[in-house]
Amino acid sequence: MADKPIAQQHHETFEGIRQMDPDGNEFWLARQLAKVLDYSQYRHFLPVIERAKEACLNSGQPVIDHIEDGLTMVDIGSGAKRQVEDFRLSRYACYLIVQNGDPGKPVIANGQTYFA
C-alpha cells in the first residue's frame with residue numbers, strides 16, 4: 001500500500017473499518033476510527049466526539065441518531081477479552097468528528113473528503 005497516494009490509502013482504511021448492521025445501515029466504531037485518525041490514545045479522541053455531539057445538536061439533528069453509546073470487546077494481554085465503552089457512529093457523525101479533529105494530521109483532511 002506504500003506506493004498508493006496517501007488519500008487513496010486513507011479512503012481504503014475508512015472503508016476497511018466501515019460496518020453494516022442487519023438493516024443495511026453503515027456505521028463505524030469510535031475506537032477503530034480513533035486509531036485510523038492517528039490518535040495515540042482513545043482518551044485524546046473523546047473530546048473530539050464531545051465536540052461532534054455539540055455540532056450535531058447545533059445542526060438540529062438528534063445525537064442518538066448519529067452517535068450511539070455501546071460496548072466493544074477488546075483483547076487484554078493474556079488473550080482474554082473484556083468489554084469497553086465505545087460509540088457507534090453514522091457517516092454524519094464521522095464527518096462531524098473529522099471536522100472537529102486535529103487539522104495538522106493529513107488523515108483528518110482526507111477524512112473530511114471521504115465522509116463529506
Side-chain angles (χ1 to χ4, degrees):
M1 188 160 52
D3 56 345
K4 292 182 183 176
I6 192 81
Q8 184 179 354
Q9 289 178 32
H10 290 154
H11 284 219
E12 290 173 359
T13 303
F14 294 130
E15 279 293 309
I17 64 168
R18 182 176 65 125
Q19 299 184 42
M20 299 293 274
D21 69 16
D23 295 324
N25 300 307
E26 64 182 0
F27 69 94
W28 289 259
L29 294 174
R31 288 184 179 272
Q32 292 177 335
L33 186 61
K35 288 178 187 174
V36 169
L37 293 177
D38 205 24
Y39 282 85
S40 60
Q41 295 180 13
Y42 184 66
R43 65 186 173 98
H44 297 301
F45 189 62
L46 291 173
V48 179
I49 293 173
E50 290 306 313
R51 288 192 299 271
K53 286 180 178 180
E54 187 176 334
C56 192
L57 278 173
N58 291 339
S59 71
Q61 296 291 318
V63 172
I64 192 68
D65 288 353
H66 300 285
I67 302 172
E68 182 180 340
D69 293 338
L71 297 171
T72 299
M73 296 297 286
V74 296
D75 293 325
I76 55 175
S78 63
K81 294 183 180 278
R82 71 177 172 119
Q83 287 185 330
V84 293
E85 292 181 0
D86 206 344
F87 294 97
R88 178 180 156 154
L89 307 168
S90 70
R91 178 175 288 271
Y92 181 63
C94 292
Y95 170 75
L96 294 174
I97 285 168
V98 295
Q99 290 297 98
N100 286 283
D102 181 349
K105 296 179 180 184
V107 69
I108 294 289
N110 288 313
Q112 290 170 347
T113 301
Y114 175 80
F115 289 112

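Keep in mind that the numbers below use all heavy atoms, side chains included, and drop hydrogens, waters and symmetry copies.
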Item to check | Y114 side chain reached by V98 side chain, heavy atoms, under 4.5 Å | outcome: no
Next on the checklist: If you define the side chain from C-beta out and look only at heavy atoms, does anything of Y92 sit under 4.5 Å from I97?
Outcome noted: no
Checklist outcome for this item: Contacts satisfying salt bridge (charged side-chain N to carboxylate O under 4.0 Å, His left out) that involve residues 29-43 (not counting sequence neighbours) are none
Item to check | Polar side-chain atom of W28 near backbone of R91 as donor-acceptor pair, under 3.5 Å | outcome: no
Item to check | same_hphob_cluster(L29, V36) at 4.5 Å side-chain heavy-atom cutoff | outcome: no
Checklist outcome for this item: Sorted by chain and number, sequence neighbours left out, side chain to side chain contact (heavy atoms under 4.5 Å, CB included) with S40 holds for H44
Checklist entry - So, do L33 and Y39 sit near enough that their side-chain heavy atoms are less than 4.5 Å apart? => result no
N/O donor-acceptor pairs under 3.5 Å from side chains in residues 16-24, not counting sequence neighbours:
residue : atom : partner : partner atom : Å
R18     : NE   : E15     : OE1          : 3.4
R18     : NH1  : E26     : OE1          : 3.1
R18     : NH2  : E15     : OE1          : 3.3
Q19     : NE2  : Q32     : OE1          : 3.3
D21     : OD1  : D23     : N            : 2.9
D21     : OD1  : G24     : N            : 3.0
D21     : OD1  : N25     : N            : 2.8
D21     : OD2  : N25     : ND2          : 3.2
D21     : OD2  : R88     : NH2          : 2.6

Checklist outcome for this item: Residues Q83 and L71: closest non-hydrogen pair is OE1-CD1, 3.4 Å
Item to check | Least distance between heavy atoms, A30 atom then F45 atom | outcome: O-CE2, 3.5 Å
Next on the checklist: Just so I know, are the side chains of F14 and T113 near enough to count as touching, which here means a heavy-atom distance under 4.5 Å?
Outcome noted: no
Checklist entry - Taking only residues at least two apart or on different chains, which pairs with a member in residues 59-74 satisfy salt bridge (charged side-chain N to carboxylate O under 4.0 Å, His left out)? => result none
Distance-only criterion, 3.5 Å: show the donor-acceptor pairs between side-chain atoms of residues 46-57 and protein atoms not counting sequence neighbours.
residue : atom : partner : partner atom : Å
E50     : OE2  : K53     : NZ           : 3.4
R51     : NH2  : N100    : O            : 2.9

Next on the checklist: Tell me every residue that passes ring pair (Phe, Tyr, Trp, His ring centres under 6.0 Å) with Y95, counting only those two or more places apart in sequence or in another chain.
Outcome noted: none
Checklist outcome for this item: A93 and H66 have their tightest heavy-atom pair at CB-O, 3.2 Å
